[in-house]
Amino acid sequence: MDFNVKKLATEAGLFLTRAVQFTEEKLWQSEKTNLDPDFENLMVRADSTKHWTEKILRQTEILLQPNPIDHTGARIEEFLYEKLDMKAPSRVTNTELLGQHMEDAAKEFGFESPYGSTLVKVGEYERRLGVVEKDFIQTADISFLSPLRNFLEGDWRIISKERRLLENLRLDLDACKTRVKKAKAAEAKAAVVPDFQETRPRNYVLSASASALWTEEVEKAEQELRTAQKEFDRQAEVTRLLLEGISSTHVNHLRCLHEFVEAQAAYYKQCHLHMQELQEELRRVPGGFGRNSNQNEPPPSSEPESASSPVETLTIEEVQAPASGTRKAKVLYDYDAADCSELSLLADEIITVYTMPGMDSDWLVGERGNQRGKVPVTYLELLS
């Protein structure tokens, strides 16, 4: 118990001394030991590395898990499973959930309808995209996020601890310097020997005794200063080595960044391939809207090719609107003409449409100003 009380008293005395020294430095009443410029630059670089690593880590987590609530819940779940030494279950991505909803909707609407059959196809590919996304999230977490977290939770905590210890030792060193300075000033004042003839013998003896005491105090303070300087120099060297290790951290993070880019490129490449396959599937759906998604490929024609077909040779000079039978139609979706016989459309515009003999039922003749051409019926809403 005695030992604990002494230790507590010693720590309290150190804390009080450091607090006094810190306050005097803030009030410009005491000198402060400054670190060399190179050391200061290392600390600034370390602080900057920590700051930007936190921001990059946080934003990458948001990118991989956009919903902040889901992200927080996922981290809590991972933490609990880690503490229980259990593997966390695989989480369903939003894309997989969308695909599941589409497939469930298709069951409700019926697989025979165009809408239901298309929902099934799109839902299947959305689920594939979800699997690819899950693999990308896992790869990014292992190759990129984990090294960043390890730096913040491991290396940076050690650096911060050693820097706090260095700051405490600096306060102790400056407190010792102040104590030596005051002791020397008192010693110099006590060293002024009074005139024996003008001073009582008792006062003369007391003055000599005080001078000896202050000399002893100066020697003690200087010894404490040497010890404090040695401890400070040793801790400064340890801290410097840790701060210089930030360069190795940058190299490691650079390698992880390359791996993240590779994973992201592979993810988007797979997504693009899946979407191209889905587009090909939708082009084969009768009456679908995907026939013009690739303008470089002419859409399949449901009517036999014939050089004598009036629709295939449709031009502004040859086609004239009939005197009756024309109707107004509202365009539902943008449409890019595949060739010169078709008319490009913009969503929400109003055009005039009519039929021609021998024209396929999936097409009408559209007219906008002096422009005429074939337009797909499925892109139009006929107005009364």
Side-chain angles (χ1 to χ4, degrees), residues 3-27 30-61 72 75-76 78-80 82-83 85 141-179 223-257:
F3 174 78
N4 291 336
V5 171
K6 290 180 180 179
K7 182 179 179 182
L8 182 63
T10 302
E11 291 178 353
L14 278 175
F15 177 78
L16 182 60
T17 302
R18 291 166 181 170
V20 171
Q21 179 64 30
F22 180 80
T23 304
E24 289 179 350
E25 289 176 358
K26 292 299 181 182
L27 298 176
S30 180
E31 295 182 3
K32 176 181 177 181
T33 300
N34 293 319
L35 301 169
D36 62 86
D38 290 340
F39 198 100
E40 293 284 355
N41 290 336
L42 287 174
M43 289 199 297
V44 170
R45 188 180 185 217
D47 289 334
S48 179
T49 300
K50 182 253 185 182
H51 170 73
W52 288 109
T53 300
E54 284 181 331
K55 292 181 77 69
I56 293 172
L57 173 64
R58 190 180 306 114
Q59 192 59 41
T60 306
E61 289 176 337
T72 304
R75 291 300 300 273
I76 293 175
E78 290 173 2
F79 175 77
L80 292 176
E82 181 181 350
K83 290 301 180 183
D85 198 18
D141 185 73
I142 295 173
S143 64
F144 186 60
L145 295 183
S146 292
L148 299 185
R149 290 196 198 100
N150 291 339
F151 166 72
L152 294 174
E153 297 173 3
D155 295 350
W156 182 253
R157 288 186 179 180
I158 296 174
I159 292 173
S160 299
K161 179 182 176 182
E162 297 300 329
R163 285 176 64 178
R164 286 194 300 270
L165 180 56
L166 177 65
E167 178 63 14
N168 289 335
L169 292 178
R170 185 199 63 77
L171 290 172
D172 294 343
L173 175 63
D174 289 338
C176 288
K177 289 180 179 179
T178 302
R179 196 177 302 120
Q223 178 60 34
E224 292 178 352
L225 176 60
R226 285 192 291 271
T227 302
Q229 183 70 55
K230 186 182 298 183
E231 292 179 354
F232 174 78
D233 292 341
R234 181 171 59 249
Q235 183 59 33
E237 186 62 26
V238 171
T239 308
R240 179 188 293 274
L241 291 175
L242 290 173
L243 293 175
E244 289 174 348
I246 292 294
S247 298
S248 300
T249 300
H250 284 188
V251 173
N252 183 39
H253 289 182
L254 175 62
R255 177 182 57 80
C256 296
L257 183 61

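Worth saying up front: this structure is predicted, and the values here are computed from it rather than measured. Numbering of residues begins at 1 and proceeds along the displayed sequence.
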> Do Glu162 side-chain atoms and Leu242 backbone N/O form a donor-acceptor pair below 3.5 Å?
Replying inline: no
> Do you know the tightest heavy-atom contact between Leu169 and Glu231?
Replying inline: CD1-O, 3.6 Å
> If you round to the nearest 0.5 Å, how far is CZ of Phe39 from CG of Leu166?
Replying inline: 5.0 Å
>> Could you walk me through whether Arg164 and Glu167 satisfy the side chain to side chain contact (heavy atoms under 4.5 Å, CB included) test, starting with their C-alpha distance in whole Å, then the side-chain angles of each, then the deciding distance to 0.1 Å, before giving a yes or no?
In response: CA-CA 5 Å; Arg164 286 194 300 270; Glu167 178 63 14; 5.7 Å; no
> In chain order, what residues pass the ring pair (Phe, Tyr, Trp, His ring centres under 6.0 Å) check against Phe151, with sequence neighbours excluded?
Replying inline: His253
> Do Phe232 and Leu171 come close enough that some side-chain heavy atom pair is under 4.5 Å?
Replying inline: no
>> Just so I know, are the side chains of Met43 and Leu35 near enough to count as touching, which here means a heavy-atom distance under 4.5 Å?
In response: yes
> Is any NZ, NE, NH1 or NH2 atom of the basic residue among Arg163 and Asp47 found under 4.0 Å from an Asp or Glu carboxylate oxygen of the other?
Replying inline: yes
> Within a strict 4.5 Å, meaning less than it, do heavy atoms of the Phe144 and Ile56 side chains meet?
Replying inline: yes
> Between Lys50 and Glu54, is there a side-chain N and carboxylate O pair less than 4.0 Å apart?
Replying inline: yes
> Just wondering, do Cys176 and Gln229 contact through their side chains at under 4.5 Å, heavy atoms?
Replying inline: no
> Looking at CG of Asn34 and CD of Glu40, how far apart are the two atoms once the value is rounded to the nearest 0.5 Å?
Replying inline: 7.0 Å
>> Restricting to non-hydrogen atoms, name the atom on Asn252 and the atom on Pro147 that form the minimum distance, rounded to 0.1 Å.
In response: ND2-CB, 4.3 Å
>> So which atom in Thr53 and which in Thr49 form the shortest heavy-atom distance, rounded to 0.1 Å?
In response: OG1-O, 2.6 Å
> By side chain to side chain contact (heavy atoms under 4.5 Å, CB included), which residues pair with Glu244, not counting sequence neighbours?
Replying inline: Leu42, Arg240, Leu241
> Is the backbone N or O of Val44 less than 3.5 Å from a side-chain atom of Ser48, with the two atoms forming a donor-acceptor pair by type?
Replying inline: no
> Per the side chain to side chain contact (heavy atoms under 4.5 Å, CB included) rule, which among Asp155, Ile159, Val251 passes with Ile246?
Replying inline: Ile159
> Do Arg234 and Glu237 sit within salt-bridge range, that is, some charged N less than 4.0 Å from a carboxylate O?
Replying inline: no
> With a 4.5 Å heavy-atom cut-off, do Arg149 and Asp141 have their side chains touching?
Replying inline: yes
> Roughly how far, to the nearest 0.5 Å, is CD of Glu153 from CG of Leu148?
Replying inline: 10.5 Å
> After noting the C-alpha distance and the side-chain angles of His250 and Arg255, does the key distance pass the side chain to side chain contact (heavy atoms under 4.5 Å, CB included) rule?
Replying inline: CA-CA 9 Å; His250 284 188; Arg255 177 182 57 80; over 6 Å; no
>> Can you tell me how far apart OG1 (Thr227) and CG (Leu173) are? Round to the nearest 0.5 Å.
In response: 11.0 Å
>> Pair Asp174, Lys177 - check side chain to side chain contact (heavy atoms under 4.5 Å, CB included), show working.
In response: CA-CA 5 Å; Asp174 289 338; Lys177 289 180 179 179; 4.0 Å; yes
